[in-house]
Amino acid sequence: MEYKIKTVGVLTSGGDAPGMNAAVRAVTRAAIVNGMRVKAIFRGYKGLIDGEVQEFTTQDVSGIIQRGGTILKSARCEEFKTPEGRKKAYETLVREEIDALIVIGGDGTFTGARNLAQEYNVTVIGVPATIDNDLWGTDSTIGYDTALNTIMDCVDKLRDTGTSHERVFVVEVMGRDAGFLTLNAAIASGAEAAIIPEKATIAEQIDEALGQGRRKHKNSAIVLVQEHAIEGGANKVAEMIEQAHPDYGTRVTILGHLQRGGIPTAADRILASRLGCHAILSLLDEQRSIMIGMQNGNIAYVPLAQAIKQKKDIGTDRWNALHMLSI
Ligand code: ADP
C-alpha cells in the first residue's frame, strides 16, 4: 500500500520531560513498521533551522525507553518565533524531503508548529510532553506522572525533618500557569496546603491552611507553592506565614530542575508509547494539525489550535479532597 507520507521528521522542544525518549522511540518504530522513513531533528526548532538532521533506524532508539531527558536534545529558539526563522525551518523540511513533522513538547512547541503549518501548509502532529500537564484536551502529558512522583519523594523526606523540628516547610513546585503538579503532589504527600494560581487569594489560602483552630494540634506543616502563584514564590509565602504566625519557624525548599529529571515511571512510558504510535497512525488517517491526546484512557485527536488556546480546568474535587484531609 502506498502512503502519501513517505518521510516523517521528529523533534523534541521546550522544557524537557521524562518520557520524551519513549515517545521518540515509539514514533520512530511505528513509522518504520508502517513503511515510512524517519529523520530525527536535533535541538528542537533550532536544529530544524540549522539543518541538524539525521536519519534514524530502529536501532537508533534502542535502550532509551528508561532514560530521562531527550536523546534528541531540546532547545528554546527565539528565531523560530519569527517568520524568517520559520522560512529557514521550512527550507530544511523541503531539502530533507520531510512530508510530516512530529513535535514532542508543550504549549509553546505546539504554537510554533501551528504557525509553521499555517504559513507553509506543512503536516504537523503534536505529542504532548511537559511536566506541567497544562495542555487542554489530554488528561495527562508525558513527564507529568514522573515529576509528581519526584516531588512526592522529596516532600516525604522533608516531612521527616519537618516533624522532628516542628517547622513549616514551604516547598516551591514548577507549573508555569497551572497548579496541577502542586495540587496533586500535595494530595499525594499529605501536605497541609497547596497554593496555586487557580484558587482564592494567597493570604486566604495560607490562613485556610495554617490558621484554623482545628489544626492547632499540629506542630509542623508542609505547604506546597506553585512557582508563579505569587510574585516571589515560596520565599514570599514563607515571609507571609512568619508575619501571620511569628511563632512558626519556616524553611523554604525550591525543588527547581530536580523535578524535570529522573527515570520515567511506567505510566509515562506507556503514555509516551501509545501517543507516539498514534502520531504515526493519525498520519495514515490523513490527519494534520492535531495533538494526540489521552481522554479517559482513550486516544483522542485534538485540533492543535484548541489544545493551545483552551485552558484546562483544575476542577474542585481534588481541591476539596486536600482540604478535607489536611486537618
Ligand atoms: P514548551 O513547548 O514546553 O511550552 P516553550 O514555550 O519554551 O516550551 O516553547 C518551545 C519553543 O517553541 C520556543 O523556544 C520557540 O522556538 C517555539 N515557540 C514558542 N512560542 C512560539 C510562537 N508564538 N511562535 C513560534 N514559535 C514559538
Side-chain angles (χ1 to χ4, degrees), residues 9-21 23-24 27 41-53 68-70 72-93 101-122 124-138 140-147 173-181 197 226-228 256-257 259-261 264 268 271-272 275-276 279 289-293 302-312:
V10 59
L11 61 80
T12 54
S13 154
D16 63 312
M20 276 183 160
N21 281 326
V24 171
V27 165
I41 298 147
F42 290 82
R43 294 181 179 75
Y45 292 129
K46 183 173 184 322
L48 190 58
I49 289 173
D50 297 343
E52 262 196 273
V53 180
T70 161
L72 297 187
K73 315 285 182 198
S74 188
R76 294 212 151 93
C77 175
E78 286 304 309
E79 196 180 356
F80 194 74
K81 292 184 179 170
T82 66
E84 299 74 34
R86 291 195 291 275
K87 181 166 181 289
K88 287 188 205 162
Y90 175 66
E91 285 163 3
T92 301
L93 292 177
L101 181 63
I102 297 181
V103 297
I104 302 169
D107 187 66
T109 300
F110 292 176
T111 305
R114 191 218 34 202
N115 290 351
L116 184 74
Q118 279 174 349
E119 288 162 0
Y120 295 101
N121 198 24
V122 173
V124 296
I125 305 289
V127 175
T130 158
I131 65 164
D132 304 332
N133 195 26
D134 57 351
L135 284 163
W136 188 90
T138 188
S140 188
T141 52
I142 297 164
Y144 173 60
D145 185 67
T146 305
V173 175
M174 284 181 167
R176 297 242 259 195
D177 303 326
F180 294 98
L181 261 184
Q226 200 272 10
E227 58 183 344
H228 297 131
H257 285 85
Q259 298 162 90
R260 284 197 192 284
D268 272 333
L271 179 67
L275 297 181
S289 292
I290 55 158
M291 174 189 83
I292 313 295
V302 181
L304 267 187
Q306 270 184 33
I308 298 163
K309 225 192 274 157
Q310 305 213 44
K311 195 163 166 54
K312 187 146 85 180

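Just so you know, ligand 1 is whichever comes first in the structure, and atom 1 is the first atom listed for that ligand.
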Look only at the side chain of [X] and the backbone of [Y], and say whether a donor-acceptor pair between them is shorter than 3.5 Å.
X      : Y      : value
Thr92  : Leu48  : yes
Glu227 : Gly175 : yes
Asn133 : Tyr144 : no
Asn21  : Gly68  : yes
Arg260 : Pro18  : no

Protein contact of [atom] - nearest heavy atom, named by residue and atom, plus distance:
atom                    : result
atom 26 (N) of ligand 1 : Gly112 CA, 3.3 Å
atom 4 (O) of ligand 1  : Arg176 NH2, 2.3 Å
atom 14 (O) of ligand 1 : Cys77 N, 2.7 Å
atom 2 (O) of ligand 1  : Thr109 OG1, 2.5 Å
atom 7 (O) of ligand 1  : Arg76 NE, 2.4 Å
atom 18 (N) of ligand 1 : Gly108 O, 3.2 Å
atom 8 (O) of ligand 1  : Gly14 CA, 3.3 Å
atom 3 (O) of ligand 1  : Gly15 N, 3.3 Å

Handout entry: Distance in Å, Gln310 CD paired with Leu135 CG, rounded so as to fall on 0.5 Å steps
Key = 12.0 Å
Handout entry: Interatomic distance, Asp107 atom CG to Leu304 atom CG [nearest 0.5 angstrom]
Key =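 CG of Leu304 is found 10.5 Å from CG of Asp107.
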Practice task
Could you tell me if any non-hydrogen atom of Glu78 lies under 4.0 Å from any atom of ligand 1?
Solution key: no
Handout entry: Test item, Thr111 contacting ligand 1 (heavy atom, 4.0 angstrom)
Key =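 Flag set, Thr111 near ligand 1.
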Handout entry: 4.5 Å side-chain heavy-atom contact, Val103 and Ser13
Key = no
Exercise for the section: Decide yes or no for Leu93 and Leu116: does some side-chain heavy atom of the first lie under 4.5 Å from some side-chain heavy atom of the second? Expected result: yes
Handout entry: Ion pair Glu84/Lys88, N-O distance below 4.0 Å
Key =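 Looking at Glu84 and Lys88, the cut-off is not met.
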Below 4.0 angstrom from a heavy atom of [X], which ligand 1 atoms are there? Numbered from 1 as shown, please.
X      : result
Phe80  : 16 (O), 25 (C), 26 (N)
Gly106 : 1 (P), 2 (O), 3 (O), 4 (O)
Ser13  : 10 (C), 11 (C)
Asp107 : 2 (O), 4 (O)

Practice task
Verify the neighbour count for atom NZ of Lys312: are there more than 12 heavy atoms of other residues, nucleotides or ligands below 6.0 Å?
Solution key: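 Yes.
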Handout entry: Residue part near ligand 1, for Arg86, under 4.0 Å between non-hydrogen atoms
Key =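 Just the side chain.
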Handout entry: Per-residue contact class, Tyr45 against ligand 1 - non-hydrogen pairs under 4.0 Å
Key = side chain
Handout entry: Polar contact flag for Thr130 and ligand 1 (N/O pairs, less than 3.5 Å)
Key =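 No.
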Problem - Lys81, Glu79, Lys46, Arg114: member with heavy atom nearest to atom 27 (C) of ligand 1 - result: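 That would be Lys81.
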